[in-house]
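Okay, structure first, notes after.
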Amino acid sequence: MQKPISGFSKWNKSQKIDWLINTYFDGSTDAKQTVEQYANADEKLQQLHDEFIENTVSNFYLPLGVAPNFLLNDKLVTVPMAIEESSVVAAASKAAKFWLERGGFKAEVLSTTKVGQVHFIYNGNYDTLQSYFQHIKPRLFEEAKPITKNMEKRGGGILDIELRDKTEQLDHYYQLHATFETLDAMGANFINSCLEQFAQTFETGFDAFNTDSSNLDIVMSILSNYVPDCIVRAEVRCPISDLKDKDIVDPQEFAERFNQAIDIAKVEPFRAVTHNKGVMNGIDAVVLATGNDFRAVEAGIHAYASRDGQYRSLTHCSIDNDTFRFWIEIPLALGTVGGLTRLHPLVKFCLEMLGQPNAKELMKIVAVAGLAQNFAAVKSLTTTGIQQGHMKMHLMNILNQFGANATEKKALVEHFKTETVSHSAVVSALENLRH
Ligand code: MEV
């Protein structure tokens with residue numbers, strides 16, 4: 001049985017790789033070549049990647065695609081997408097083109113407030129705690145000044161700090177619930193530094209105020225990735241008759257069926273999860289390409305999707321007389337400064353391509369990518385079904401898996417223009433070709 005290893009993090013990269021190869025791959029040179037072939041020849045660039053995380057042994061590539069023709073608030077945008085799933089970029093591009101001819105996307109940021117909390121346990125009288133909070137509140141702001149002064153100069157900072165009684169949910173549990181404006185920064189470091197300072201000020205001042213020898217114990221101080229007051233809305237709309245295209249023969253019927261599909265995703269969580277997964281195909285890809293934290297975005301958005309107690313669709317649809325309207329409203333805490341945004345060369349490239357957006361502009365672009373993705377998916381689902389297009393895109397993956405060369409690929413792409421793609425059909429067509 002394998003023994004635990006100690007001191008691993010201190011080894012250099014080649015020692016780590018050798019250990020992996022000897023431990024898990026019987027010393028295979030092929031395995032070593034697999035992991036090493038993704039190292040960048042440019043040593044400085046490789047070092048940059050090595051230092052993003054710990055114990056880096058290689059780079060894990062994702063394709064970076066672009067979806068052009070997004071008309072967003074009357075400006076054309078080419079959207080960068082880092083994603084491994086076939087069909088997603090194609091679907092985004094198709095939806096962009098579809099709406100380009102119908103007035104484009106409109107988006108607006110409705111709010112930009114971020115949240116952080118100091119969670120603590122207190123076993124004394126609530127009135128005393130409230131008086132203490134009122135007494136210490138100005139000092140919470142004051143002692144955080146060294147952290148907040150630059151942000152304040154730019155127009156951001158701490159918006160408010162509240163004392164919240166959570167004892168109905170958990171015995172003796174209270175919070176300092178703070179709200180922040182972090183402008184173009186995602187704000188995690190800023191918020192967490194403020195919170196740790198609040199905790200220290202709050203705890204230190206408590207002893208002098210504490211006359212009934214009650215106990216105050218800070219459990220943790222951390223931002224929340226749930227940002228229901230940092231909201232962006234994006235929408236498309238057009239006269240129903242304008243929805244006609246090669247897959248939409250009867251626009252009225254399409255609009256109604258599409259609307260029905262959204263209603264289903266509102267009431268049925270099994271469908272809502274897949275529906276929103278499609279939305280996240282667009283959102284995550286842009287969030288990743290622009291160097292933002294997709295786990296934070298995912299967690300916050302899914303919590304928002306279940307804010308009334310049931311998990312529901314993130315997108316909405318209405319048919320008012322002759323007008324078809326389709327929109328999304330989501331929480332997004334994004335940054336266009338700090339983090340990876342000035343470090344990762346491809347992130348810099350993507351942000352430049354987008355015209356160096358500020359955080360609000362990026363929120364709009366990301367929301368539009370999510371909406372477009374969902375439009376494309378639900379349009380396919382309610383008309384042709386998704387497998388036809390999906391399997392065409394999947395064809396290349398299957399061909400690559402079986403090591404098809406360029407001539408074989410060309411012949412089989414041609415062949416499957418008129419044949420149904422399935423895994424077995426591709427394999428047998430490739431075999432036929434090879435014999
Ligand atoms: C696949 O990645 C996403 C879809 O399943 C989304 C949906 O069903 O709406 C096509």
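Only heavy atoms go into these numbers, but all of them, side chains included; no hydrogens, no water, no symmetry mates.
In this structure, Phe254 and Phe375 have perpendicular ring planes: the angle between them is above 60°, well past the 30° mark. Taking the six-membered ring for Trp and thresholds of 30 and 60 degrees, Phe120 and Tyr174 have nearly parallel ring planes, at less than 30 degrees apart.
Under the 3.5 Å distance criterion, the side-chain polar atoms of Gln373 are left unmatched by any main-chain donor or acceptor of Ile283. A distance-only check finds a donor-acceptor pair linking the side chain of Asn405 to the backbone of Glu408 [under 3.5 Å]. A donor-acceptor pair is defined here as one N or O able to donate and one able to accept, closer than 3.5 Å; no such pair exists between the side chain of Thr148 and the backbone of Gly157. Judged by distance alone, the side chain of Asn225 and the main-chain N or O of Val297 form no donor-acceptor pair under 3.5 Å. Gln175 places no side-chain N or O within donor-acceptor distance of the main-chain N or O of Arg164, the cut-off being under 3.5 Å. In this structure a side-chain-to-backbone donor-acceptor pair under 3.5 Å is missing from Asp229 to Thr113. A donor-acceptor distance shorter than 3.5 angstrom exists from the side chain of Asn292 to the backbone of Thr290, with no hydrogens or angles considered. Of the possible donor and acceptor atoms, one in the side chain of Arg102 sits under 3.5 Å from a partner among the backbone N and O of Asp242. At distances below 3.5 Å, not a single donor-acceptor pair connects side-chain atoms of Gln200 with backbone N or O atoms of Gln197. Listed for the Lys364 side chain is no donor-acceptor partner under 3.5 Å among the backbone atoms of Val232.
Between Trp19 and Val57 the shortest side-chain heavy-atom distance does not fall below 4.5 Å. Side-chain contact between Asp160 and Lys137: present, with at least one pair of heavy atoms (C-beta onward) separated by less than 4.5 Å. Contact annotation: the side chain of Thr315 approaches that of His275 to within less than 4.5 Å [non-hydrogen atoms, C-beta and beyond]. By the 4.5 Å heavy-atom criterion applied to side chains, Val286 and Met81 are counted as neighbours. Inter-residue side-chain proximity for Val413 and Met396 is flagged as met; some heavy-atom pair is nearer than 4.5 Å. Contact check for Phe25 versus Val35: no side-chain heavy atoms found under the 4.5 Å cut-off. Inter-residue side-chain proximity for Trp99 and Leu371 is flagged as unmet; no heavy-atom pair is nearer than 4.5 Å. The side-chain heavy atoms of Val427 and Glu431, taken from C-beta on, include a pair separated by under 4.5 Å.
For the residue pair Ala199 and Val118, the shortest heavy atom distance occurs at CB-CG1, 4.0 Å. For the pair Tyr226 and Arg307, the tightest heavy-atom approach, listed with the atom from each and the gap, is OH-CB, 3.6 Å. Nearest heavy-atom pair, Leu430 versus Phe402, reported as atom, atom and distance to 0.1 Å: CD2-CB, 3.5 Å. Val279 and Leu314 make their closest contact through CG1-CD1, 4.2 Å (heavy atoms, listed as atom of the first residue, atom of the second, distance). The shortest heavy-atom contact between Met353 and Val79 is CE-C, 4.1 Å. When all heavy atoms of Ala39 and Asn59 are compared, the pair lying nearest together is CA-ND2, 3.8 Å.
With rounding to the nearest 0.5 angstrom, the OG atom of Ser224 is 9.0 Å from the CD1 atom of Ile191. Atom-to-atom distance recorded for Gln33:CD and Tyr38:OH is 9.5 Å, nearest 0.5 angstrom. Atom CD1 of Ile231 and atom CG of Leu332 lie 8.0 Å apart (nearest 0.5 Å). In this structure, CG in Leu395 is found 10.0 Å from OG in Ser86, a value given to the nearest 0.5 Å. The CG atom of Asn374 sits 10.0 Å away from atom CG of Asn281, with the distance rounded to the nearest 0.5 Å. To the nearest 0.5 Å, atom CD1 of residue Ile301 and atom CG of residue Asp284 are 7.5 Å apart.
Within 6.0 Å of NZ in Lys13 there are more than 12 heavy atoms belonging to other residues, nucleotides or ligands. Residue Asn432 qualifies as enclosed at atom CG: its count of foreign heavy atoms under 6.0 Å is above 12. For Asp18, the CG atom sits in a packed shell: over 12 heavy atoms of surrounding residues, nucleotides or ligands are nearer than 6.0 Å. Environment of CZ in Phe349: sparse, with no more than 12 heavy atoms of neighbouring residues, nucleotides or ligands closer than 6.0 Å. Around the CD atom of Glu352, the shell of radius 6.0 Å holds no more than 12 heavy atoms that belong to other residues, nucleotides or ligands. For OH of Tyr61, the number of neighbouring non-hydrogen atoms (other residues, nucleotides, ligands) closer than 6.0 Å is greater than 12.
Taking 4.0 Å as the cut-off between side-chain N and carboxylate O, Arg271 and Asp263 do not count as a salt-bridged pair. Between Glu361 and Lys75, no side-chain nitrogen of the basic residue sits less than 4.0 Å from a carboxylate oxygen of the acidic one, so the salt-bridge criterion is not met. Ion pair Asp293/Arg295 flagged as a salt bridge, since at least one NZ, NE, NH1 or NH2 atom sits closer than 4.0 Å to an Asp/Glu carboxylate oxygen. Residues Glu414 and Lys417 are paired through a salt bridge, judged by an N-O separation under 4.0 Å between the basic side chain and the carboxylate. Glu235 and Lys106 are not joined by a salt bridge, as no carboxylate oxygen comes within less than 4.0 angstrom of a charged side-chain nitrogen.
Side-chain contact check for Thr336 and Gln356: no donor-acceptor pair (N or O, by modelled atom type) lies under 3.5 Å. Looking at His49 and Thr56, their side chains never bring a donor and an acceptor atom within 3.5 Å of each other. With 3.5 Å as the limit, one finds no donor-acceptor pair spanning the side chains of Asn73 and Glu108. Donor-acceptor pairing under 3.5 Å is lacking for the side chains of Glu43 and Gln47. At a cut-off of 3.5 Å, with distance as the only test, no side-chain donor of Glu196 or Asn192 sits close to an acceptor on the other residue.
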How far apart are the C-alpha atoms of Phe324 and Asn259, what are their side-chain angles, what is the distance that settles it, and do they pass the side chain to side chain contact (heavy atoms under 4.5 Å, CB included) test? CA-CA 9 Å; Phe324 172 85; Asn259 192 26; 5.7 Å; no
Pair Asn397-Gln401, side chain to side chain donor-acceptor pair (under 3.5 Å): steps then yes or no: CA-CA 6 Å; Asn397 286 348; Gln401 191 187 334; over 6 Å; no
Evaluate side chain to side chain contact (heavy atoms under 4.5 Å, CB included) for Asn55 paired with Lys16, printing each intermediate quantity in order. CA-CA 8 Å; Asn55 296 343; Lys16 286 173 187 156; 3.4 Å; yes
Evaluate Phe326 against Val378 for side chain to side chain contact (heavy atoms under 4.5 Å, CB included), listing each step before the verdict. CA-CA 11 Å; Phe326 178 51; Val378 177; 5.7 Å; no
Given side chain to side chain contact (heavy atoms under 4.5 Å, CB included), test Leu110 with Glu329 step by step and report yes or no. CA-CA 9 Å; Leu110 305 182; Glu329 227 177 78; 4.1 Å; yes
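In summary, of the residues considered (Gln117, His119, Lys166), a side chain to side chain donor-acceptor pair (under 3.5 Å) with His177 occurs for Gln117 alone.
A cation-pi arrangement, defined by a distance under 6.0 Å to the six-membered ring centre and an angle within 45 degrees of its axis, is absent between Lys379 and Phe258.
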